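Remember, predicted model here, so these are calculated numbers, not experimental data.
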Amino acid sequence: LAIGRDVSKGLPILWDFLHELGHAVCGFPPDPKLPDHERSRREMQAWDSAWKLVEERFHSLIDYREQFEKHRDDCLSTYVH
(Lines give C-alpha, C1' and ligand atoms only; values in the text may rest on other atoms or scores of the structure.)
Protein backbone atom coordinates (compact mmCIF):
# COMPACT_ATOMS: atom_id res chain seq x y z
CA LEU A 1 0.00 0.00 0.00
CA ALA A 2 1.64 3.18 -1.16
CA ILE A 3 0.22 6.29 0.42
CA GLY A 4 2.89 8.76 -0.59
CA ARG A 5 5.33 10.89 1.34
CA ASP A 6 2.79 12.26 3.81
CA VAL A 7 1.76 9.09 5.60
CA SER A 8 -0.79 10.88 7.77
CA LYS A 9 -3.03 11.62 4.77
CA GLY A 10 -3.50 7.92 4.03
CA LEU A 11 -3.94 6.79 7.61
CA PRO A 12 -7.75 7.14 7.79
CA ILE A 13 -8.06 4.78 4.81
CA LEU A 14 -5.69 2.33 6.44
CA TRP A 15 -7.49 2.55 9.80
CA ASP A 16 -10.82 1.85 8.09
CA PHE A 17 -9.34 -1.13 6.27
CA LEU A 18 -7.87 -2.54 9.48
CA HIS A 19 -11.20 -1.97 11.24
CA GLU A 20 -13.02 -4.00 8.59
CA LEU A 21 -10.34 -6.67 8.88
CA GLY A 22 -10.97 -6.55 12.63
CA HIS A 23 -14.59 -7.53 11.98
CA ALA A 24 -13.36 -10.55 10.03
CA VAL A 25 -10.88 -11.53 12.73
CA CYS A 26 -13.63 -11.32 15.38
CA GLY A 27 -16.05 -13.30 13.25
CA PHE A 28 -18.79 -10.70 13.73
CA PRO A 29 -19.66 -8.79 10.57
CA PRO A 30 -21.48 -5.47 10.97
CA ASP A 31 -25.23 -5.96 11.24
CA PRO A 32 -27.50 -2.89 11.33
CA LYS A 33 -30.41 -5.04 12.57
CA LEU A 34 -28.77 -5.68 15.95
CA PRO A 35 -29.70 -3.66 19.04
CA ASP A 36 -27.59 -0.52 19.50
CA HIS A 37 -25.66 -1.90 22.48
CA GLU A 38 -24.65 -5.05 20.56
CA ARG A 39 -23.67 -3.07 17.46
CA SER A 40 -21.56 -0.76 19.62
CA ARG A 41 -19.88 -3.72 21.30
CA ARG A 42 -19.06 -5.35 17.96
CA GLU A 43 -17.74 -2.11 16.51
CA MET A 44 -15.46 -1.54 19.50
CA GLN A 45 -14.29 -5.13 19.32
CA ALA A 46 -13.39 -4.65 15.65
CA TRP A 47 -11.43 -1.48 16.47
CA ASP A 48 -9.61 -3.32 19.27
CA SER A 49 -8.74 -6.12 16.86
CA ALA A 50 -7.52 -3.55 14.33
CA TRP A 51 -5.07 -2.09 16.83
CA LYS A 52 -3.94 -5.56 17.87
CA LEU A 53 -3.07 -6.22 14.21
CA VAL A 54 -0.98 -3.04 14.21
CA GLU A 55 0.87 -4.20 17.32
CA GLU A 56 1.43 -7.72 15.98
CA ARG A 57 2.14 -7.11 12.29
CA PHE A 58 2.46 -3.45 11.37
CA HIS A 59 5.01 -2.14 13.86
CA SER A 60 5.82 0.92 11.76
CA LEU A 61 2.32 2.26 12.54
CA ILE A 62 2.58 2.08 16.32
CA ASP A 63 3.81 5.68 16.47
CA TYR A 64 0.43 6.75 15.01
CA ARG A 65 -1.67 5.44 17.90
CA GLU A 66 -3.01 8.89 18.76
CA GLN A 67 -4.28 9.34 15.18
CA PHE A 68 -5.76 5.84 15.26
CA GLU A 69 -7.63 6.53 18.50
CA LYS A 70 -8.99 9.85 17.24
CA HIS A 71 -10.20 8.24 14.03
CA ARG A 72 -11.70 5.34 15.99
CA ASP A 73 -13.51 7.69 18.35
CA ASP A 74 -14.81 9.81 15.47
CA CYS A 75 -16.15 6.69 13.75
CA LEU A 76 -17.65 5.23 16.92
CA SER A 77 -19.60 8.44 17.48
CA THR A 78 -21.39 7.91 14.14
CA TYR A 79 -22.41 4.26 14.44
CA VAL A 80 -25.34 4.43 16.82
CA HIS A 81 -27.94 7.15 16.52
Side-chain angles (χ1 to χ4, degrees):
L1 176 63
I3 53 178
R5 292 179 193 253
D6 187 357
V7 173
S8 64
K9 288 184 180 181
L11 287 175
I13 296 165
L14 187 56
W15 301 145
D16 289 340
F17 173 78
L18 289 170
H19 167 73
E20 295 306 323
L21 190 55
H23 279 294
V25 168
C26 293
F28 298 121
D31 184 350
K33 297 175 189 165
L34 292 172
D36 287 351
H37 70 278
E38 180 61 19
R39 284 181 32 220
S40 293
R41 187 188 69 76
R42 286 186 180 193
E43 292 298 337
M44 191 64 198
Q45 189 175 16
W47 282 110
D48 290 345
S49 292
W51 187 254
K52 187 174 181 181
L53 287 167
V54 169
E55 292 176 327
E56 293 174 351
R57 303 198 182 262
F58 304 106
H59 303 122
S60 62
L61 297 173
I62 288 177
D63 290 343
Y64 298 97
R65 184 171 189 141
E66 186 175 317
Q67 291 92 327
F68 172 87
E69 290 176 350
K70 181 180 182 332
H71 184 72
R72 177 203 62 202
D73 293 346
D74 289 347
C75 290
L76 284 171
S77 72
T78 67
Y79 293 145
V80 178
H81 305 287

Interatomic spacing from CZ in F17 to CG in L53 - rounded to 0.5 Å: 9.5 Å
Under 3.5 Å, sequence neighbours excluded: what are the donor-acceptor pairs made by side chains of residues 20-27?
residue, atom, partner, partner atom, Å
H23, ND1, F28, O, 3.0
H23, NE2, H19, NE2, 3.2
H23, NE2, E43, OE1, 3.2

Which residues share a salt bridge (charged side-chain N to carboxylate O under 4.0 Å, His left out) with R41, sequence neighbours left out: E38
Contacts of W51 that satisfy ring-ring contact (aromatic ring centres under 6.0 Å, His included) - sequence neighbours left out: F68
Results of side chain to side chain donor-acceptor pair (under 3.5 Å) for K52 - residues two or more places apart only: none
With D74 via side chain to side chain donor-acceptor pair (under 3.5 Å) - residues at least two apart: K70
Nearest heavy atoms of D31 and R42, plus distance in Å: CB-NH1, 4.5 Å
Path from L34 to L76 over hydrophobic side-chain contacts below 4.5 Å: no
For W15, the option from R72, Q67, E69 that meets side-chain contact (heavy atoms from CB on, under 4.5 Å): Q67
Spacing of OH belonging to Y64 relative to CG belonging to L14, to within rounding of 0.5 Å: 11.0 Å
Contact summary for E56 and H59, nearest pair of heavy atoms: O-NE2, 3.5 Å
side-chain contact (heavy atoms from CB on, under 4.5 Å) involving D16 - partner list, sequence neighbours excluded: W47, H71, C75
